[in-house]
Amino acid sequence: MTTITSPSATTAVPAVPAFGLGTFRLKDQVVIDSVKTALALGYRHIDTAQIYGNEAEVGQAIAESGVPRDELFITTKVWTDHLAADRLIPSLKESLAQLRTDRVDLALIHWPAPGGAVPVAESLGALADAQAQGLTRAFGVSNFNTALLREAIAAVGADRIATNQIELHPYLQNRAVVDFARSQGIHTTSYMTLAYGQVLQDPVIQAIAAELAATPAQVALAWAMQLGHAVIPSSTQRAHLQGNLKAPQLRLTDGQMQRIAALERGGRLVDPQGLAPAWD
């Protein structure tokens with residue numbers, strides 16, 4: 001399994017696999033089929049979340065796949081309704097029941113508490129307790145800006161934050177947050193790496209794909225991984241799942257990386273009112 005570790009990673013923080021399967025917006029039999037197909041093809045990192053409403057189906061797919069639990073890296077994300085200290089662990093235990101496992105490998109705060117209603121330190125303290133109880137091997141955050149990362153670091157220390165999962169793709173490279181996280185030794189996971197498919201139509205991405213005899217999706221995913229980020233693309237089509245698996249082996253030249261870097265345009269796609277922090 002290809003893995004990326006943050007510069008200050010310790011044994012307390014398992015390395016986040018560089019490549020995995022996302023399940024956002026996949027429901028019912030669709031997500032079961034996607035996860036089972038991915039596992040059959042060799043995927044071993046599965047990313048889900050409480051709010052996706054598919055943890056039970058992901059758990060079913062994993063159980064039916066026959067892949068040993070110890071070969072898998074399972075990530076789930078705690079929804080904002082459950083970030084208070086007295087609610088987080090019970091909600092995580094429910095997620096474990098749905099996923100048919102006794103622990104996840106990574107549990108994340110999905111979004112910061114709206115309006116700061118629950119302090120970051122309280123939620124991360126509860127996640128640290130969950131880790132101590134063996135409910136998760138590691139914990140981290142998602143959709144945190146630099147200010148929130150500072151709060152998280154103050155609460156538990158940078159070395160205990162396994163990753164910050166954020167929207168990141170060629171049109172939104174989130175450099176301020178990424179650079180700050182990297183300076184603290186915190187790993188970044190890119191979600192929406194293909195920008196809902198928008199970057200697949202980009203002439204620069206398509207040209208680089210032609211140069212490398214690759215697909216545009218492979219190029220975008222390889223670009224993010226070459227920057228040191230993990231990626232979790234989703235797909236319901238076997239051919240795309242199989243094609244995406246080749247991205248970790250793709251290597252872009254410095255010139256190709258620079259051409260993609262120039263595509264930055266602040267193209268944020270995920271900005272839910274009432275949830276999103278003040279982005280950097």
Side-chain angles (χ1 to χ4, degrees), residues 16 20 22-27 46-55 58 74-92 94-95 98-99 104-131 135-136 138-156 158 160-169 172 174 176-178 180-181 184 186-193 195-196 229-232 234 266-280:
V16 178
T23 61
F24 176 55
R25 290 188 167 180
L26 304 186
K27 299 280 192 178
I46 309 296
D47 179 282
T48 184
Q50 293 175 345
I51 199 64
Y52 295 174
N54 63 14
E55 287 177 315
V58 169
I74 301 173
T75 298
T76 197
K77 298 180 278 292
V78 178
W79 190 240
T80 57
D81 292 348
H82 306 142
L83 292 180
D86 61 343
R87 301 188 69 173
L88 191 145
I89 285 178
S91 83
L92 187 55
E94 177 61 26
S95 290
Q98 298 279 328
L99 289 163
V104 288
D105 298 280
L106 179 62
L108 304 177
I109 295 174
H110 199 157
W111 287 88
V118 180
V120 168
E122 179 176 337
S123 301
L124 285 176
L127 279 176
D129 288 344
Q131 182 187 45
L135 304 177
T136 184
F139 61 87
V141 297
S142 181
N143 297 300
F144 270 37
N145 61 13
T146 300
L148 288 165
L149 282 177
R150 290 184 187 278
E151 289 187 44
I153 291 166
V156 295
R160 298 195 69 185
I161 302 168
T163 199
N164 181 26
Q165 186 178 124
I166 54 175
E167 180 185 350
L168 190 151
H169 46 75
L172 180 72
N174 245 321
V177 176
V178 168
F180 174 74
Q184 302 300 307
I186 297 175
H187 174 262
T188 296
T189 298
S190 159
Y191 73 76
M192 213 70 72
T193 317
Y196 285 135
H229 312 323
V231 297
I232 46 172
S234 64
R268 188 175 299 279
L269 299 172
V270 182
D271 193 20
Q273 186 174 3
L275 277 181
W279 301 114
D280 295 87

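The first residue of the sequence shown is numbered 1, and numbering continues consecutively from there. Note that this is a predicted model, so its numbers are computed, not measured.
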Quick one: pull up [atom1] in [X] and [atom2] in [Y] and give me the separation to the nearest 0.5 Å.
{"X": "F139", "Y": "T75", "atom1": "CZ", "atom2": "OG1", "result": "14.0 Å"}
{"X": "Q131", "Y": "L92", "atom1": "CD", "atom2": "CG", "result": "11.5 Å"}
{"X": "D81", "Y": "I51", "atom1": "CG", "atom2": "CD1", "result": "7.0 Å"}
{"X": "H82", "Y": "I109", "atom1": "NE2", "atom2": "CD1", "result": "13.5 Å"}
{"X": "L99", "Y": "E94", "atom1": "CG", "atom2": "CD", "result": "10.0 Å"}
{"X": "R150", "Y": "N145", "atom1": "CZ", "atom2": "CG", "result": "10.5 Å"}

I153 and I186: CA distance, side-chain angles, deciding distance, side chain to side chain contact (heavy atoms under 4.5 Å, CB included) verdict | CA-CA 10 Å; I153 291 166; I186 297 175; 3.9 Å; yes
Donor-acceptor check, side chain of [X] to backbone of [Y], threshold 3.5 angstrom: yes or no?
{"X": "T136", "Y": "A138", "result": "yes"}
{"X": "E167", "Y": "V270", "result": "yes"}
{"X": "S190", "Y": "A230", "result": "no"}
{"X": "N174", "Y": "V177", "result": "no"}

[Y] and [X], any side-chain heavy atoms less than 4.5 Å apart:
{"X": "L172", "Y": "M192", "result": "no"}
{"X": "D280", "Y": "F180", "result": "no"}
{"X": "Q50", "Y": "V78", "result": "yes"}
{"X": "N143", "Y": "Q165", "result": "no"}
{"X": "L108", "Y": "L106", "result": "yes"}
{"X": "P112", "Y": "F144", "result": "yes"}
{"X": "I161", "Y": "H187", "result": "no"}
{"X": "Y191", "Y": "L168", "result": "no"}

Test T48 against N54 for side-chain hydrogen bond (donor to acceptor under 3.5 Å, both in side chains), laying out the working first.
-> CA-CA 7 Å; T48 184; N54 63 14; 2.6 Å; yes
Dump the intermediate steps for side-chain hydrogen bond (donor to acceptor under 3.5 Å, both in side chains) on T76 and S95, then the final yes or no.
-> CA-CA 8 Å; T76 197; S95 290; 4.6 Å; no
Minimum heavy-atom separation for [X] and [Y], please, with both atom names.
{"X": "E55", "Y": "A49", "result": "CG-O, 3.8 Å"}
{"X": "S123", "Y": "L88", "result": "O-CD1, 3.7 Å"}
{"X": "W111", "Y": "L83", "result": "O-CD1, 3.5 Å"}
{"X": "A162", "Y": "V16", "result": "O-CG2, 3.9 Å"}
{"X": "P114", "Y": "L275", "result": "CG-CD2, 3.9 Å"}
{"X": "L148", "Y": "P277", "result": "CD1-CB, 3.8 Å"}

Evaluate the side chain to side chain contact (heavy atoms under 4.5 Å, CB included) criterion for residues I166 and V178: first the C-alpha distance (whole Å), next the side-chain angles of each, then the deciding distance (0.1 Å), finally the verdict.
-> CA-CA 9 Å; I166 54 175; V178 168; 4.2 Å; yes
Criterion side chain to side chain contact (heavy atoms under 4.5 Å, CB included) on E151 and L124, from CA distance to verdict | CA-CA 10 Å; E151 289 187 44; L124 285 176; over 6 Å; no
Should F24 and Y52 be marked as a ring-ring contact (aromatic ring centres under 6.0 Å, His included) after you check the CA-CA gap, both sets of side-chain angles, and the distance that decides it?
-> CA-CA 6 Å; F24 176 55; Y52 295 174; 5.4 Å; yes
